Chemist: 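First the structure, then my questions, so here it is.
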There are 2 protein chains.
Amino acid sequence: MVKRVYNFSAGPAVLPESVLKEVQQELLSYQGKGLSVLEMSHRSTEFKQIMEDARSRMLKLMGLGDDYVALFLQGGASTQFYMIPLNFLPDDKEANFINTGAWSTKAIKEVKKMGKKLHIAASSEDKDFTYIPKEWQLSENPAYLHITTNNTIRGTEWKTDPDVPAGVPLIADMSSNFLSKPLDFSKYDLMYGGAQKNIGPAGATFVVIKKSLLEKQREGLATMMDYQTHIQKDSAFNTPPTFAIYVIGKVLKWIEDNGGVSGMQKRNEEKAGYIYDILDNSDFYRGTVVKEDRSMMNIPFRLPTEELEKKFIAEAAEHDLLTLKGHRSVGGCRASLYNSLPMEAARKLAEFMQEFEKKNS
Amino acid sequence: MVKRVYNFSAGPAVLPESVLKEVQQELLSYQGKGLSVLEMSHRSTEFKQIMEDARSRMLKLMGLGDDYVALFLQGGASTQFYMIPLNFLPDDKEANFINTGAWSTKAIKEVKKMGKKLHIAASSEDKDFTYIPKEWQLSENPAYLHITTNNTIRGTEWKTDPDVPAGVPLIADMSSNFLSKPLDFSKYDLMYGGAQKNIGPAGATFVVIKKSLLEKQREGLATMMDYQTHIQKDSAFNTPPTFAIYVIGKVLKWIEDNGGVSGMQKRNEEKAGYIYDILDNSDFYRGTVVKEDRSMMNIPFRLPTEELEKKFIAEAAEHDLLTLKGHRSVGGCRASLYNSLPMEAARKLAEFMQEFEKKNS
């Protein structure tokens, strides 16, 4: 019996223990084939099946059909910040953004660097990104609207899928709440994010594209920056991040086996509930964002003093409750409660928070 | 005891069994920390150490000092084909190439796509890329000279480091023979390649840059396409492919423990020797490239008929000698004998080749 800790990391993050055990068991010989997935040609029958399973499982969990295509690319959301305008932003139109935090800001910066037109349709920067704007104003010739569905650093989350006028593609960075709850995924034209929060380890970037969006693609793109390159070669134009995709496939199956995205929502609401109940009923702990927009995935909170925060993080670690430090740009504490975090971890953290409050207030 | 096969894949390729066993042993709990490297924050003390070890070990194996920097990026050599001209090819100079096969051709295509100037300093396309050009002619204003040190598909390899005039940076795609033998790495200004052949699993791209080359960098680049982005953040500007880097670190240590690049050369010469001895002493098997340029890593060969080649590949598989099919673009057979391939595998293949010849000639 290997001792495991409670891992509240914002990503790379905890994976289901059952998945890790399968990976461990197969590590020297995948399905008795005599070699590890770490050593397996991406052109082998076995790996092609792993890739196909992961791609189709992802679309199925999203309730999407043949009008969408799923890819596993590399370079993280940060590379998508560049690829999206490169592919879909013509010179005579504006990229529209709803700016809800550090990651949207980075996506905006990339369009600025390219010297292209953009428009901030709404922003919550006026209040330190502590809420999700409820109204926005698109520009005259919007190429697309880009949102960030969950803000890992600030802990806010979109609770509804935004309505956009017909003909305006909706693009979303879903890195930190992907497949954590049901969404109307069919409202989105392009969804992307790093796998390392809700669906797998670091090293693969999921990209789900509505095929009709490709009609709007610009020409003459660099081979690797062109979504068509990857679509035409079933996400294996060059060597894909094979092992990451293999683990993702197992996590997607685990999501299916645990009730799909509805099952995840139920689990995630219960887990977040333990922590939010404490924040709502305490003068000691303080949530940092408006209640209606708070995230099920990332819960930032403050204690009365920075000294107490340090003490809290250190004592939590002694109880095997790890990675509770807030992002360096905002300070304080943060608990990330992604799909794979066990219920027990949230309960243990809640208990610890109550005990710590008693002892220190 | 897990049964393992002999894996002659051109990449992703075989890894040392001792490395796989360590990875397996640590899979649920890295160094007793209670979590897997698959779940570990890239900002954690543990992962920072893993990254730093891998980066410094790589430079040390290459005999390089502080005037070089080592990165682990994503996107494969294919993304480097784009990043290199983007960073280092000004409009008034020419990218110079020695074209030795499919991969150089792809690198050339990328510069053409950008509408930039290029010059083919030499090419072996006239003879189906079956040799390495011994002479070349640079253009008037060369931005750099790009070579491919080993040609995975055709099975040719540079035996010496090319001499370039002072002030002309030498850039090399070393994907398929990196760290397989001593080179004068200090003659190169930028070396890159996919890790999945000689130093690890798929999912990470090694890039080693001479710092002085950065003075020639163009401005206004997209964040993720700018080498400085990655250099300034110690190869962790955004989430790196953590698990791939962890396995690479272990393979690099295994190379060190087995005599470094000189030790690898000795092993690799012996392994390739078993196969080339057969090709040299057979009328049945036929090597496909000129003798003096043949690769220690990838050995393509033909049999008298395509029918016999099919039979050879099928019967080899029955003897657990796998992935011996030539690249689809050239046909025939190919054995890849990277660093991690055990000596026993090369011996077994040689034995099988002799037996097969006896039975079928």
Side-chain angles (χ1 to χ4, degrees), chain A residues 2-5 7 9-15 17 20-21 23-24 27-29 32-36 38-42 44 74-79 81-82 86 106 109-110 113-115 194 196 201-204 220-225 237-244 247 320 322-323, chain B residues 2-5 7 9-15 17 20-21 23-24 27-29 32-36 38-42 44 73-79 81-82 86 106 109-110 113-114 194 196 201-204 220-225 237-244 247 320 322-323:
Chain A
V2 174
K3 190 199 147 193
R4 301 254 305 155
V5 296
N7 178 7
S9 171
V14 61
L15 293 170
E17 195 169 308
L20 293 175
K21 282 181 175 165
V23 170
Q24 183 176 46
L27 204 94
L28 267 81
S29 178
K33 299 285 179 187
L35 77 173
S36 176
L38 287 165
E39 308 169 295
M40 199 179 273
S41 168
H42 58 302
S44 65
Q74 294 185 71
S78 296
T79 298
F81 298 162
Y82 173 52
L86 201 64
K106 286 190 182 212
K109 182 186 163 196
E110 219 49 45
K113 274 200 129 181
M114 294 168 87
Q196 68 272 13
L221 302 170
T223 307
M224 285 295 287
M225 297 295 116
F237 166 75
N238 66 338
T239 314
T242 48
F243 196 78
V247 180
D320 292 328
L322 293 194
T323 345
Chain B
V2 174
K3 189 199 151 193
R4 302 255 304 153
V5 296
N7 178 6
S9 171
V14 60
L15 293 170
E17 195 169 310
L20 293 174
K21 283 183 173 163
V23 170
Q24 182 176 46
L27 203 94
L28 267 82
S29 179
K33 298 287 178 187
L35 79 173
S36 176
L38 287 163
E39 309 170 294
M40 200 178 273
S41 168
H42 58 301
S44 65
L73 304 183
Q74 294 185 71
S78 297
T79 298
F81 298 161
Y82 173 52
L86 200 65
K106 286 190 182 214
K109 182 186 162 197
E110 219 48 44
K113 274 201 128 180
M114 296 169 86
Q196 69 271 14
L221 302 171
T223 307
M224 286 296 286
M225 298 295 116
F237 166 75
N238 67 337
T239 313
T242 48
F243 196 76
V247 181
D320 292 329
L322 293 193
T323 344

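Since the structure is predicted, the reported quantities are computational estimates derived from the model, not experimental observations.
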Chemist: When rounded to the nearest 0.5 angstrom, what distance separates CG in A:Leu28 from CD in B:Gln24?
Modeler: 5.0 Å
Chemist: For chain B, which candidate among A:Glu110, A:Lys106, A:Lys3 shows the most heavy-atom pairs at distances under 4.5 Å?
Modeler: A:Glu110
Chemist: Under the side-chain hydrogen bond (donor to acceptor under 3.5 Å, both in side chains) criterion, do B:Ser9 and A:Glu39 qualify, and how do the steps go?
Modeler: CA-CA 8 Å; B:Ser9 171; A:Glu39 308 169 295; over 6 Å; no
Chemist: Quick check for you: to the nearest 0.5 Å, what is the distance between A:Lys33 atom NZ and B:Arg4 atom CZ?
Modeler: 15.0 Å
Chemist: Restricting to non-hydrogen atoms, name the atom on A:Asn238 and the atom on B:Gly75 that form the minimum distance, rounded to 0.1 Å.
Modeler: ND2-O, 3.1 Å
Chemist: First locate atom OG1 of B:Thr223, then atom NZ of A:Lys113, and finally report the distance between them rounded to the nearest 0.5 Å.
Modeler: 4.0 Å
Chemist: Which atoms of B:Val14 are under 4.5 Å from chain A, going by heavy atoms: the side chain, the backbone, both sets, or neither?
Modeler: both
Chemist: Among the options A:Ala13, A:Ser29, A:Ala202, pick out the one with the most heavy-atom pairs lying under 4.5 Å from chain B.
Modeler: A:Ala13
Chemist: So which of B:Pro240, B:Gly203, B:Ala244, B:Gly194 has the biggest tally of heavy-atom pairs under 4.5 Å with chain A?
Modeler: B:Gly203
Chemist: Against chain B, label A:Ala222 side chain, backbone, both or neither, depending on which of its atoms sit under 4.5 Å from a heavy atom there.
Modeler: both
Chemist: Below 4.5 Å, heavy-atom pairs only: which of B:Gly32, B:Ala204, B:Ala10, B:Ser78 has the largest tally toward chain A?
Modeler: B:Ser78
Chemist: Taking the side chain from B:Asn7 and the backbone from A:Leu35, do they hold a donor-acceptor pair closer than 3.5 Å?
Modeler: no
Chemist: Between B:Gly11, B:Pro12, B:Pro241, B:Pro201, who has the most heavy-atom pairs with chain A when the cutoff is under 4.5 Å?
Modeler: B:Pro12
Chemist: Compare all side-chain heavy atoms of A:Leu221 with those of B:Tyr82 and state whether any distance is below 4.5 angstrom.
Modeler: no
Chemist: With side chain to side chain contact (heavy atoms under 4.5 Å, CB included) as the criterion, how do B:Met225 and A:Met225 come out once you've worked through the C-alpha distance, each side chain's angles and the decisive distance to 0.1 Å?
Modeler: CA-CA 11 Å; B:Met225 298 295 116; A:Met225 297 295 116; 3.7 Å; yes
Chemist: Considering all heavy atoms of both residues, which atom of B:Leu27 and which atom of A:Leu27 are nearest to each other, and what is their separation?
Modeler: CD1-CD1, 4.4 Å
Chemist: Checking A:Phe81 against chain B: side chain, backbone, both or neither under 4.5 Å from a heavy atom?
Modeler: neither
Chemist: For A:Val23, is it the side chain, the backbone, both, or neither that has a heavy atom closer than 4.5 Å to a heavy atom of chain B?
Modeler: both
Chemist: Could you tell me which portion of A:Met40 (side chain, backbone, both or neither) has an atom closer than 4.5 angstrom to a non-hydrogen atom of chain B?
Modeler: backbone
